[in-house]
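First the proteins, then the strands, lettered A, B, ... as listed; each starts at 1.
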Number of protein chains: 2
Amino acid sequence: MGVSKTSSYTEIQIETANRLKALGHPARIAIVQFLLNQKECICNDIVNELPLAQPTISQHLKELKNAGIIQGTIEGKAICYCINPKVIKDLVSFFNSILSNFHPEDQCC
Amino acid sequence: MGVSKTSSYTEIQIETANRLKALGHPARIAIVQFLLNQKECICNDIVNELPLAQPTISQHLKELKNAGIIQGTIEGKAICYCINPKVIKDLVSFFNSILSNFHPEDQCC
DNA sequence: TTTATATATTGCAATATTACGATATATTAT
DNA sequence: ATAATATATCGTAATATTGCAATATATAAA
């Protein structure tokens, strides 16, 4: 006892958690994958592809956008969404640093 | 019109989303990082480290365990939790496949 | 200007998550 | 057997997420 629990979370922990949370839904995983398989990444194509109503897709896109994972630009009356690769690269770095800290000989299970 | 939205989610999309969701909370990020920085990965040490009550930590550990990210073994009256590196490696593979599908020349924004 | 198309926002119901006090369980120490 | 320690579970309140119908906005087409 006597140990004070003063530690809160670091900015990096919070930002990483926000990004992973944004990707932590099958519809949003599917959206990201769909965007990458299309040359034209138009919002309406996602609505036609996924089994969700248009407002729900719009909501998921907003969450991905808020987390910085995608960005959108207006293309006439449509909106084109694209991946931000830097965020994905940051996540890969995060997991790789986890793996580099992993020492099997220290594991008790 | 005429396009039926028959597609649901694949098993991989669902599993990946579950794992990312499990990591999508700063406390669970902190837990994973803490486990990797300790040789002895004892649950009670996490309780002393993080600014959360013991039942809350227990609940977060359960979610990480359900997602397969950690596993625990009984060590006397304590429980030792460890990372499952395969799950992290799977996530790195997932993000790398996203990056390999990313073609800047196809992006509209 | 009217109509059609594409997307966003609002409002709302159902469900899930988060956090914790109280309590249960299980092991160890006395 | 009793007490102490470590962890899990239960119950519950507060909040967040998910999904959608209805509606608003904005651009393009007629």
Side-chain angles (χ1 to χ4, degrees), chain A residues 1-3 5 7-9 13-14 17-31 34-35 38 40-67 70-82 108-109, chain B residues 1-3 5 7-9 13-14 17-31 34-35 38 40-67 70-82 108-109:
Chain A
M1 55 253 225
V3 180
K5 296 192 275 186
S7 79
S8 187
Y9 308 118
Q13 285 171 335
I14 292 168
N18 281 339
R19 289 168 171 180
L20 295 178
K21 186 181 179 185
L23 289 168
H25 189 290
R28 295 193 288 268
I29 294 281
I31 288 172
F34 183 76
L35 288 185
Q38 302 298 114
E40 303 280 313
C41 38
I42 300 299
C43 175
N44 192 246
D45 296 338
I46 304 170
V47 173
N48 288 326
E49 177 73 9
L50 294 194
L52 292 171
Q54 178 267 322
T56 308
I57 299 286
S58 189
Q59 192 172 267
H60 283 306
L61 287 168
K62 191 180 185 180
E63 283 180 63
L64 287 170
K65 200 162 53 176
N66 286 343
I70 63 174
Q71 59 195 81
T73 55
I74 298 172
E75 295 261 325
K77 67 182 166 180
I79 292 188
C80 170
Y81 280 104
C82 296
C108 52
C109 47
Chain B
M1 58 256 219
V3 180
K5 295 192 277 188
S7 79
S8 189
Y9 308 117
Q13 286 170 335
I14 293 168
N18 280 339
R19 289 168 171 180
L20 295 178
K21 186 180 177 185
L23 289 168
H25 189 290
R28 295 193 289 268
I29 294 281
I31 287 171
F34 183 76
L35 289 185
Q38 302 297 115
E40 301 280 313
C41 38
I42 299 300
C43 175
N44 191 246
D45 297 337
I46 304 170
V47 173
N48 288 327
E49 178 72 10
L50 294 193
L52 292 171
Q54 179 267 322
T56 307
I57 299 285
S58 189
Q59 194 172 265
H60 283 306
L61 287 168
K62 190 179 185 181
E63 282 180 64
L64 287 171
K65 200 162 55 175
N66 285 344
I70 64 174
Q71 61 195 80
T73 55
I74 299 172
E75 294 263 325
K77 68 180 166 182
I79 292 189
C80 171
Y81 280 105
C82 297
C108 52
C109 45

Which atoms of nucleotides 5-10 of chain D (N or O only) lie under 3.5 Å from a protein N or O atom, and what are those distances?
from	atom 1	to	atom 2	distance (Å)
dA6(D)	O4'	K77(B)	O	3.3
dT7(D)	OP1	C43(B)	N	3.4
dT7(D)	OP1	N44(B)	N	3.4
dT7(D)	OP1	I79(B)	N	3.0
dT7(D)	OP1	I79(B)	O	3.4
dT7(D)	OP2	N44(B)	N	2.5
dA8(D)	OP1	Y81(B)	OH	2.5
dA8(D)	OP2	S58(B)	OG	2.9
dA8(D)	N7	Q54(B)	NE2	2.6
dA8(D)	N6	Q54(B)	OE1	2.9

### Task
For residues E63(A) and A22(A), report the shortest heavy-atom separation together with the two atoms involved.
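That closest heavy-atom pairing would be O-CB, 4.2 Å.
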### C82(B) versus C108(A), closest heavy-atom pair with distance
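For C82(B) and C108(A), the tightest heavy-atom pair comes out as SG-N, 3.4 Å.
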In whole Å, I'd like the distance from the [atom1] atom of [X] to the [atom2] atom of [N].
X      : N       : atom1 : atom2 : value
L23(B) : dT18(C) : CG    : P     : 12 Å
L50(A) : dT18(D) : CG    : P     : 14 Å
N18(B) : dT18(D) : CG    : P     : 12 Å
H60(A) : dT7(C)  : NE2   : C1'   : 16 Å
I31(A) : dT7(C)  : CD1   : P     : 12 Å

#### Entry: Stepwise side chain to side chain contact (heavy atoms under 4.5 Å, CB included) check, N44(A) with I79(A)
CA-CA 8 Å; N44(A) 192 246; I79(A) 292 188; over 6 Å; no
### Message
I'd like to check the side-chain contact (heavy atoms from CB on, under 4.5 Å) partners of Q38(B); sequence neighbours left out, ordered by chain and number.
### Response
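F34(B).
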### Task
Please step through side chain to side chain contact (heavy atoms under 4.5 Å, CB included) for the pair R19(A) and L23(A), ending with a clear verdict.
CA-CA 6 Å; R19(A) 289 168 171 180; L23(A) 289 168; 5.7 Å; no
### Query
After noting the C-alpha distance and the side-chain angles of L35(A) and I46(A), does the key distance pass the side chain to side chain contact (heavy atoms under 4.5 Å, CB included) rule?
CA-CA 8 Å; L35(A) 288 185; I46(A) 304 170; 3.9 Å; yes
Within the sub-3.5 Å range, which N or O atoms of nucleotides 14-17 of chain C have a protein N or O partner, and how far apart are they?
from	atom 1	to	atom 2	distance (Å)
dT17(C)	OP1	K21(B)	NZ	2.6

### Task
Report the relative orientation of the aromatic rings in H25(A) and Y9(B); use parallel for angles under 30°, tilted for 30 to 60°, perpendicular for over 60°.
perpendicular
### Task
Apply the test side chain to side chain contact (heavy atoms under 4.5 Å, CB included) to residues H60(B) and L50(B): give CA-CA distance (whole Å), side-chain angles for both, the deciding distance (0.1 Å), then the verdict.
CA-CA 12 Å; H60(B) 283 306; L50(B) 294 193; over 6 Å; no
